[in-house]
Each structure stands twice: as structure tokens, then as C-alpha cells.
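For clarity, every value in this text was computed on a predicted model and none was experimentally measured. Residue numbers run from 1 in the order of the sequence given.
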Amino acid sequence: RLVLTVGDSDLSLAVSSELEVREAPLREAVIQTDPAWAVAAVMGSALADYDVRDVNDVRHIHLYFKTPLLGRTLLQFRLERSLPADLSSFPLPAFVLVGAKEQRGYVVAAAEKGLQLSAVRTEGLREVQIGAVPVRVPDAQLAWRFREAAWSAELAVERTRPVLHA
């Protein structure tokens, strides 16, 4: 599950990922994402450490587990990026677990009051009702479901003008 929050001058992506390992234990894993986004936090009860490296315009988040992992564990990530005032649209960052046989979940976009989001382009995403997403996100405006890692989206942000009554 990926939850994008758009603020007046910043973007925040909170990722909650349930990792399921079958057949053989996993000692480390790698997540690929967009290098324009800073990795603010990586958390998980099975996580010992993590390392962030940029290779060929792709950010790699190397995850190292306390013990060889078999079964399920929950990992949480937080990515951040500034939002310049003159930027009218931006791409959502890819978030891919390297070597995963299957990746599926939801993408939810929320914005502060006074900001309106719209989808400029989506690929590999199916729009769903916000109420159909298994988690409640305050101020959610858009929601999609994905069933493969090769999805992409670009969102536009519009600042609404205040209306004054006297």
C-alpha cells in the first residue's frame, strides 16, 4: 500500500509492504525507486539495517534482516520530496521489490485543504473508489489498485483559490 500526501510545498510517500518469503530464507532484499525522492525512514521488526545507493539514475534501498527471513513481515518506508510552487504535475515514484514474483496493492493520493489532485497519466493502475481501499486515508482524493510492479502515474496538482464572502 502506497499513500501519497501532497502538502503545499512537499510530497510524502508512506509505503506499507507485507513481504512474504516462501521456500528459502531471505537474508537481504533490494527496493528500487526514484532518486528524486529522499528516503526518510525504513522500519520493520525483522530489519537489522538498510543502506541507500544510487546506481544509473535508480535509487536502491538495500534491506538487511536480523535473521534469515521465512514467512511474512511488515516493512514500512517513508519517502519525501519538495514540491516547487511552479510545478504543476509530477510522476509518482516507482517502488519495486527486486526479484519479487508478485507485487500488488493500492495507491492512494491525498492532499491538504486548498489543493486539488488529478491524474494526468496512469499505466498499470485501475481506478477504485476511495471507500474500497482497505485503509482509511484522511483527505484522500484518488485511489488505484495495481497487480504488477510495472505501474506508473503522473499527477497534476492545482491550488484552489479561496472565496471570500463579506
Same cluster (ILVMFWY, side-chain, under 4.5 Å), Val96 and Leu19: no
Closest non-hydrogen atom pair, Ser89 against Glu154: OG-OE2, 2.8 Å
Check: Arg53 side chain, Ile61 main-chain N or O, donor-acceptor pair, under 3.5 Å: no
Donor-acceptor pair between Arg121 and Ser152 side chains, under 3.5 angstrom: yes
Separation between CE of Met43 and OH of Tyr50, rounded to the nearest 0.5 Å: 9.5 Å
Residues forming a salt bridge (Lys or Arg N to Asp or Glu O under 4.0 Å) with Asp57, sequence neighbours excluded: none
Hydrophobic cluster of Val98, others only, ordered by chain and residue number, side-chain cut-off 4.5 Å: Val30
Donor-acceptor side-chain pairing of Ser12 and Glu80 below 3.5 angstrom: no
Straight-line distance of Leu70 CG to Glu20 CD, nearest 0.5 Å: 9.5 Å
ILVMFWY cluster, Leu2 and Leu125 together (side-chain gap under 4.5 Å): yes
Side-chain donor or acceptor of Arg27 paired with backbone N/O of Lys66 under 3.5 Å: no
Gap between atom CG of Leu92 and atom CG of Leu13 - 0.5 Å precision: 7.5 Å
Contact summary for Asp34 and Pro93, nearest pair of heavy atoms: CB-CB, 3.8 Å
Least distance between heavy atoms, Ser45 atom then Thr73 atom: OG-OG1, 4.1 Å
Option from Thr5, Leu155, Val6 for which side-chain contact (heavy atoms from CB on, under 4.5 Å) with Leu11 holds: Val6
Residue pair Leu74, Ser16: steps toward the side chain to side chain contact (heavy atoms under 4.5 Å, CB included) verdict: CA-CA 7 Å; Leu74 182 65; Ser16 181; 3.5 Å; yes
Common cluster, Val157/Val120, ILVMFWY with side-chain heavy-atom separation under 4.5 Å: no
Val39 vs Arg59 side-chain heavy atoms within contact, under 4.5 Å: yes
Val21 and Phe65, any side-chain heavy atoms less than 4.5 Å apart: no
Separation between CD of Gln32 and NE2 of His60, rounded to the nearest 0.5 Å: 4.5 Å
Hydrophobic cluster membership, Val107 vs Leu83, 4.5 Å side-chain cutoff: yes
Distance in Å, Gln141 CD paired with Leu115 CG, rounded so as to fall on 0.5 Å steps: 8.0 Å
Ala110 to Pro138 - nearest heavy-atom pair and separation: CB-O, 3.5 Å
Audit row: Arg81, Asp10, salt bridge (charged side-chain N to carboxylate O under 4.0 Å, His left out) steps and yes/no: CA-CA 6 Å; Arg81 178 181 173 186; Asp10 63 335; over 6 Å; no
Over all atoms of both residues, closest heavy-atom pair of Leu117 and Ala109: CD1-CB, 3.8 Å
Contact summary for Tyr64 and Leu47, nearest pair of heavy atoms: O-CD1, 3.5 Å
Approximate separation, where rounding is to 0.5 Å, of Thr122 OG1 and Glu127 CD: 8.0 Å
Verdict with supporting geometry, Val133 and Trp144, side chain to side chain contact (heavy atoms under 4.5 Å, CB included): CA-CA 8 Å; Val133 178; Trp144 300 273; over 6 Å; no
4.5 Å side-chain heavy-atom contact, Gln76 and Val42: no
Asp139 vs Lys113 side-chain heavy atoms within contact, under 4.5 Å: yes
Hydrophobic cluster identity match, Tyr106 and Ile31, side-chain contacts under 4.5 Å: no
Atom CZ of Arg22: over 12 foreign heavy atoms under 6.0 Å: no
